[in-house]
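Quick notes on the structure that follows.
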Amino acid sequence: MINPESINILLVDDTPINLRILSAILSKQGYKIRQALSGKLALMTIEKNAPDIILLDISMPEMDGYEVCSQIKANPITYEIPVIFISALDDTSAKVKAFEVGGADYITKPFKSQEVLARLENQIKIRELQKKLTEQNFQLQKIAEREKLLGQISQRIRQSLDLTEILSTTVREVREFLQVDRVAIARLNPDRTLTIVQESVVDQKLSILNLKIIDRSFQEAYIQRSPDIQVISDIQQSSLSLPLISFWSGLKVRSHLVVPIFQQTVSISEENQEPYTDSLKEDSLNSELYGLLIADHCTQVRQWHPSEIDLLTQLSIQIGMAWQQGQLYGKLRYQQEKTETLLLNILPKLIAQRLKQNPGIIADNFESVTVMFADIVGFTNLSAQISALELVQLLNEIFSLFDALAQRHNLEKIKTIGDAYMVVGGLSIPNENHLSAIADMALDMQQAIGQVKTPEGEPFQIRIGINCGPVVAGVIGSNKFIYDLWGDTVNVASRMESTGIPGYIQVTESIYNQLKAFYEFEPRGLTPVKGKGEMMTYWLKGKKNSPRF
């Protein structure tokens with residue numbers, strides 16, 4: 001939901017009365033308003049403090065709105081700011097030019113306050129969505145880069161018996177990935193001292209290679225007790241003992257991350273196969289301490305991100321595995337396969353492959369796809385009559401049938417929402433016949449749902465809606481990533497389902513026109529559709545006896 005108080009709007013118009021009117025309308029809604037009486041003043045204001053959105057007049061002396069917008073869009077710092085032109089110029093050429101120079105929308109004077117607010121809110125929503133897509137794709141890119149790094153190190157461990165080369169390359173790549181001053185590996189000696197056996201430093205003045213650590217406070221903190229992961233953002237403000245603070249300060253350490261490295265003495269059973277980050281302490285009970293994996297930042301205080309801690313935790317396991325490569329080879333391979341499975345559970349296979357091969361933003365336009373929504377009739381009422389376990393088991397049985405049909409027809413399941421199911425054809429899975437594939441799946445779903453009975457023995461029914469057209473697809477989510485679709489095509493497909501009748505498949509006129517030669521349809525007539533008015537819709541009844549579309 002949009003919080004107007006967090007939105008800064010710049011109004012640009014050479015007529016003060018216009019500025020006062022617009023300012024009054026927008027301020028009443030809670031928006032933060034700034035004003036500029038000329039194009040030059042607007043650019044100066046934007047340079048000092050960029051707004052979230054700009055309402056820009058065209059006809060102004062010295063510098064008109066077209067030139068102002070052009071300069072905004074030419075600046076890489078401000079080019080993403082939405083610009084809404086608001087002008088008395090009502091001819092087509094003026095509007096076309098406004099969009100050509102980068103305008104996001106166009107409002108004609110005299111304007112209505114409702115129109116201004118609606119168009120403004122629409123642009124704010126679009127920009128917020130773009131920000132989310134950019135942010136989440138950046139996070140996903142970092143995950144992909146981390147997985148790529150882990151994959152490279154794992155492959156090196158599997159393929160090479162040169163431990164020195166493995167460790168040397170590993171600490172260098174980890175330091176570059178974390179962008180810290182020093183990454184080192186300390187090996188535990190038989191006398192319970194440690195020696196730095198490998199390191200990568202940003203400056204040779206920070207080198208501690210071959211340093212033998214015999215400090216008793218160090219042994220007490222890291223060796224004699226069960227080793228834990230040490231995460232310290234600021235050595236000087238940490239809870240470490242004074243001798244240990246003095247020890248690390250002497251090595252010019254400011255921020256400190258230490259992960260123990262274990263040599264596994266037994267393999268994990270099938271029943272206890274957990275991710276490394278969750279099983280580190282449990283595994284250590286059946287392990288011997290080999291040494292420590294250390295990351296230091298020396299120039300300034302640094303906050304350690306959980307993903308960085310997880311990265312070193314996983315690497316510490318792999319370094320231990322390098323010493324017992326043969327015995328623990330199966331565990332390493334399992335971890336890699338599990339990581340791959342987790343990634344594929346987040347995204348469609350082709351999208352995951354794209355991120356692994358070339359990490360970057362995922363946001364695509366598709367000119368022609370077919371979207372289907374299906375909703376289980378009466379399931380909400382049923383949920384109040386049976387236990388949670390029975391409900392989930394029943395829903396899983398139904399959706400598993402639908403999943404199998406989607407796979408059979410070469411279609412992409414997008415998501416489930418409660419008891420609703422969304423599938424699309426022509427997206428990440430190549431399928432030239434996605435129209436007929438969706439139609440066939442819809443017909444098969446009606447038959448399949450009849451196999452599932454309610455607790456009273458009655459067959460379930462579903463409502464199905466289908467539409468086709470262009471969509472935008474991308475990756476969103478702040479905690480759990482999801483691959484989703486947006487656009488009018490998706491909205492209309494959803495309306496086809498919600499305005500349908502149990503046991504029927506409602507389709508748009510576009511679907512009917514493209515499939516009427518190969519499928520049986522029954523006109524429903526004009527159907528009120530929210531946001532669209534009345535639309536001519538049809539019931540898909542079955543398939544004609546003719547070659548597949």
Side-chain angles (χ1 to χ4, degrees), residues 153 157 161-172 174-175 178 180-232 234-236 238-266 276 280-281 283-298 304 309 311-325 327-328:
I153 295 173
I157 291 173
L161 297 177
D162 186 346
L163 183 63
T164 300
E165 188 275 335
I166 290 174
L167 298 183
S168 175
T169 306
T170 296
V171 294
R172 175 179 56 80
V174 172
R175 183 187 62 77
L178 296 178
V180 294
D181 295 325
R182 179 171 57 214
V183 171
I185 296 175
R187 181 177 177 181
L188 181 65
N189 300 316
D191 63 356
R192 309 302 287 174
T193 62
L194 290 106
T195 301
I196 304 297
V197 295
Q198 285 291 343
E199 71 170 5
S200 175
V201 292
V202 70
D203 187 332
Q204 281 302 313
K205 293 180 181 180
L206 299 175
S207 176
I208 56 174
L209 186 63
N210 298 323
L211 174 69
K212 189 172 183 178
I213 304 175
I214 57 176
D215 190 284
R216 293 189 61 182
S217 62
F218 185 93
Q219 293 175 316
E220 170 65 23
Y222 293 99
I223 303 174
Q224 295 176 5
R225 296 180 296 173
S226 298
D228 291 325
I229 297 173
Q230 298 285 327
V231 183
I232 301 173
D234 187 351
I235 284 287
Q236 301 300 325
S238 70
S239 60
L240 294 178
S241 66
L242 290 177
L244 201 54
I245 291 175
S246 177
F247 171 81
W248 284 116
S249 297
L251 298 178
K252 299 177 178 162
V253 173
R254 190 66 189 271
S255 296
H256 191 51
L257 176 58
V258 179
V259 178
I261 301 171
F262 294 103
Q263 291 179 336
Q264 301 295 325
T265 57
V266 295
Y276 293 147
L280 182 58
K281 289 188 178 180
D283 287 353
S284 69
L285 299 176
N286 299 313
S287 310
E288 293 181 357
L289 181 66
Y290 161 70
L292 303 173
L293 179 57
I294 305 169
D296 293 328
H297 206 53
C298 304
W304 300 101
I309 300 170
L311 172 63
L312 262 65
T313 301
Q314 294 193 48
L315 286 176
S316 71
I317 298 293
Q318 294 191 28
I319 293 170
M321 287 169 61
W323 283 83
Q324 297 178 311
Q325 187 168 325
Q327 178 182 354
L328 299 179

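What's counted below: heavy atoms across the whole structure, side chains too, no hydrogens, waters or symmetry copies.
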Derivation and outcome, side-chain contact (heavy atoms from CB on, under 4.5 Å), residues Leu178 and His297: CA-CA 10 Å; Leu178 296 178; His297 206 53; over 6 Å; no

Determine, stepwise, if the pair Ile317 / Gln314 fulfils side-chain contact (heavy atoms from CB on, under 4.5 Å). CA-CA 5 Å; Ile317 298 293; Gln314 294 193 48; 5.8 Å; no

Run the side-chain contact (heavy atoms from CB on, under 4.5 Å) test on Leu240 and Gln230 for me, step by step, so that the C-alpha distance in whole Å, both residues' side-chain angles and the decisive distance to 0.1 Å come before the verdict. CA-CA 10 Å; Leu240 294 178; Gln230 298 285 327; 4.0 Å; yes

Checking side-chain contact (heavy atoms from CB on, under 4.5 Å) for the pair His256/Ile294: CA distance, chi angles, key distance, verdict? CA-CA 7 Å; His256 191 51; Ile294 305 169; 3.6 Å; yes

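The shortest side-chain heavy-atom distance between Phe262 and Leu289 falls under the 4.5 Å cut-off. Counting only heavy atoms from C-beta outward, the side chains of Asp296 and Asp181 never approach each other to under 4.5 Å. Contact annotation: the side chain of Pro260 approaches that of Ile229 to within less than 4.5 Å [non-hydrogen atoms, C-beta and beyond]. In this structure, Arg254 and Asp234 have side chains that are in contact, with non-hydrogen atoms separated by less than 4.5 Å. Under the 4.5 Å side-chain criterion, counting only non-hydrogen atoms from C-beta, Thr164 is in contact with Gln198. No side-chain heavy atom of Arg187 sits less than 4.5 Å from a side-chain heavy atom of Leu167. Using a 4.5 Å cut-off on side-chain heavy atoms (C-beta onward), Trp248 and Ile232 make no contact.
Leu251 CG to Ile235 CD1: the interatomic distance, rounded to the nearest 0.5 Å, is 10.0 Å. The CD1 atom of Ile185 sits 11.0 Å away from atom CG of Leu209, with the distance rounded to the nearest 0.5 Å.
Residue Leu206 comes nearest to Arg182 through the heavy atom pair O-NH1, 2.5 Å, listed as atom of the first residue, atom of the second, then distance. The shortest heavy-atom contact between Leu312 and Leu293 is O-CD2, 3.5 Å. Here the closest heavy-atom approach between residue Val174 and residue Ile153 is recorded as CG2-CD1, 4.5 Å. Heavy atoms only, all atoms of each residue included: Ile261 and Ser316 are closest at CG2-O, 3.3 Å.
Using a distance-only test at 3.5 Å, with no hydrogens or angles considered, a donor-acceptor pair links the side chain of Glu199 to the main chain of Ile208.
Take Thr195 and apply the side-chain hydrogen bond (donor to acceptor under 3.5 Å, both in side chains) test, not counting sequence neighbours, and it matches Asn189. In terms of the side-chain contact (heavy atoms from CB on, under 4.5 Å) criterion, Ser246 has no residue partners (sequence neighbours excluded).
Electrostatic pairing of Lys252 and Asp203 does not count as a salt bridge here, judged by no charged N lying under 4.0 Å from a carboxylate O.
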